[in-house]
Protein chains: 2
Amino acid sequence: MASAFLKIQTGETKTQPLICQRPEYRYMPKKRMYVCPIEAAMDVIGGKWKPHILWKIKDAPLRFGAIQEKLPAISQKMLTRQLRALEADSLVSRTEYPGMPPRVEYALTERGQSVIPILSSLKDWADEELADQINEHE
Amino acid sequence: MASAFLKIQTGETKTQPLICQRPEYRYMPKKRMYVCPIEAAMDVIGGKWKPHILWKIKDAPLRFGAIQEKLPAISQKMLTRQLRALEADSLVSRTEYPGMPPRVEYALTERGQSVIPILSSLKDWADEELADQINEHE
DNA sequence: CTGTATCCGTCACGATACTG
DNA sequence: CAGTATCGTGACGGATACAG
């Protein structure tokens with residue numbers, strides 16, 4: 001009973017159908033119900049890459065490749081996976097432009113826009129309180 | 001070069017001496033320099049337990065056992081470790097009252113107080129945007 | 001260009017037993 | 001009461017190869 005606290009839905013999800021059916025979704029965590037709102041928020045905007053991605057596309061929509069250029073350290077797999085997760089949580093929208101070569105643009109949704117102020121305050125807090133641990137120009 | 005992005009200091013820390021020498025610190029991550037302030041903030045207040053702990057002691061100092069009572073799902077080990085980490089980052093203070101049985105109280109520092117508004121806004125955002133995924137009375 | 005598939009390592013976290 | 005020690009597991013993330 002104890003360990004059911006955080007990960008309520010680890011196996012197959014019956015009550016909560018997947019928002020997106022593309023294969024990459026197999027790899028997505030299926031935690032979708034929380035007892036704590038902060039935990040839910042952390043899951044949606046937390047992790048190693050999501051804040052970066054949101055931050056990069058906050059001013060203008062970007063194509064897959066463009067995001068990757070701005071985030072040199074991310075692997076294709078992780079970029080894809082994080083974008084899918086953000087899409088499933090309705091923080092970013094994905095627009096496919098048919099043709100050859102393919103073009104896909106990612107943009108913040110309204111909900112996505114609404115997290116930017118939170119990230120900003122997080123950034124401000126860190127700049128103020130953790131200045132000694134941050135080296136932005138490296 | 002790529003993977004040096006996040007974990008800059010994984011091995012021995014030379015420039016940043018550990019704040020606390022107690023043995024549990026062996027198990028603490030030694031990431032102490034960041035290129036991104038949000039990442040620094042996430043590291044300091046993120047994770048599975050830190051927001052919970054901060055939230056529980058935000059109104060009044062609590063003893064180790066009291067925190068554990070309020071967080072039934074956490075193991076002793078994790079509570080100890082997270083408290084050490086928060087202490088090292090100066091978000092909580094640890095006050096030992098000698099005697100038998102031992103008593104230790106944990107309280108928010110000033111820096112700790114300063115993260116509460118951020119957690120609040122995170123909570124408000126989730127309550128608003130992720131209401132369908134949250135079941136607070138369970 | 002925008003992904004998918006597969007293999008693999010590391011680390012956060014959990015369970016349990018033990019201690020001053 | 002407030003920890004420590006030890007072992008185990010799975011999720012997260014990285015590297016590389018392949019595909020429409």
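This is a predicted model, so every value here is computed, not measured. Within every chain, numbering begins at 1; the chains are lettered A, B, ... in the order of the sequence lines, protein sequences first and strands thereafter.
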Practice item. Grab the CG-P distance between A:Leu83 and C:dT2 for me, whole Å please. Key: 11 Å
**Study point:** Under 4.0 angstrom between B:Arg94 side-chain N/O and D:dG3 OP1 or OP2
**Key:** yes
Exercise for review: Rounded off to whole Å, could you give me the CD1-to-P distance for the B:Ile53 and C:dC13 pair?
Suggested key: 10 Å
Review point. To the nearest 0.5 Å, what is the distance between NZ (A:Lys58) and CG (A:Leu119)?
Key: 10.0 Å
Check your understanding: Could you give the distance from CD1 (B:Ile134) to NZ (B:Lys123), rounded to the nearest 0.5 Å?
Key -> 8.0 Å
Point to revise | Of B:Leu122, B:Leu86, B:Ile45, the residue whose pairing with B:Val115 passes side-chain contact (heavy atoms from CB on, under 4.5 Å) | key: B:Ile45
**Study point:** Any A:Lys77 side-chain nitrogen or oxygen under 4.0 Å from OP1 or OP2 of C:dT6
**Key:** no
**Study point:** Phosphate-side-chain proximity, B:Tyr106 and D:dC1, N/O vs OP1/OP2 below 4.0 Å
**Key:** no
**Study point:** Side chain of B:Phe64 (C-beta onward), nearest among C:dC1, D:dG3, D:dG14
**Key:** D:dG3
Review point. To the nearest Å, how far apart are B:Gln68 CD and D:dT4 P?
Key: 13 Å
Study note, to complete from the structure: Rounded to the nearest 0.5 angstrom, the OG-CG distance for B:Ser120 and B:Asp127 is 10.5 Å
Check your understanding: With respect to the side chain of A:Val104, which nucleotide from C:dT2, D:dT4, C:dC13 is positioned closest?
Key -> C:dT2
Practice item. Starting from P on D:dT16, measure out to CD on A:Gln76 and report it in whole angstrom. Key: 13 Å
Check your understanding: So, is B:Arg84 close to the D:dG3 phosphate, meaning a side-chain N or O under 4.0 Å from OP1 or OP2?
Key -> yes
Check your understanding: For D:dC1, does OP1 or OP2 lie under 4.0 Å from any side-chain N or O of B:Arg63?
Key -> no
Point to revise | Distance, rounded to the nearest Å, where A:Met78 contributes CE and C:dT4 contributes P | key: 14 Å
Point to revise | Test item: A:Ile57 and A:Glu105 side chains (from C-beta on) under 4.5 Å apart, heavy atoms | key: no
Review point. So what does B:Glu105 hit on the nucleic acid, given a heavy-atom distance under 4.0 Å: a base, only sugar-phosphate, or nothing?
Key: nothing
**Study point:** Rounded distance (Å) that lies between atom P of C:dC13 and atom CG of B:Leu79
**Key:** 13 Å
Practice item. May I have the distance from B:Gln82 (atom CD) to D:dA2 (atom P), rounded to whole angstrom? Key: 18 Å
Point to revise | Value in whole Å for how far the P atom of C:dT2 lies from CZ of A:Arg81 | key: 20 Å
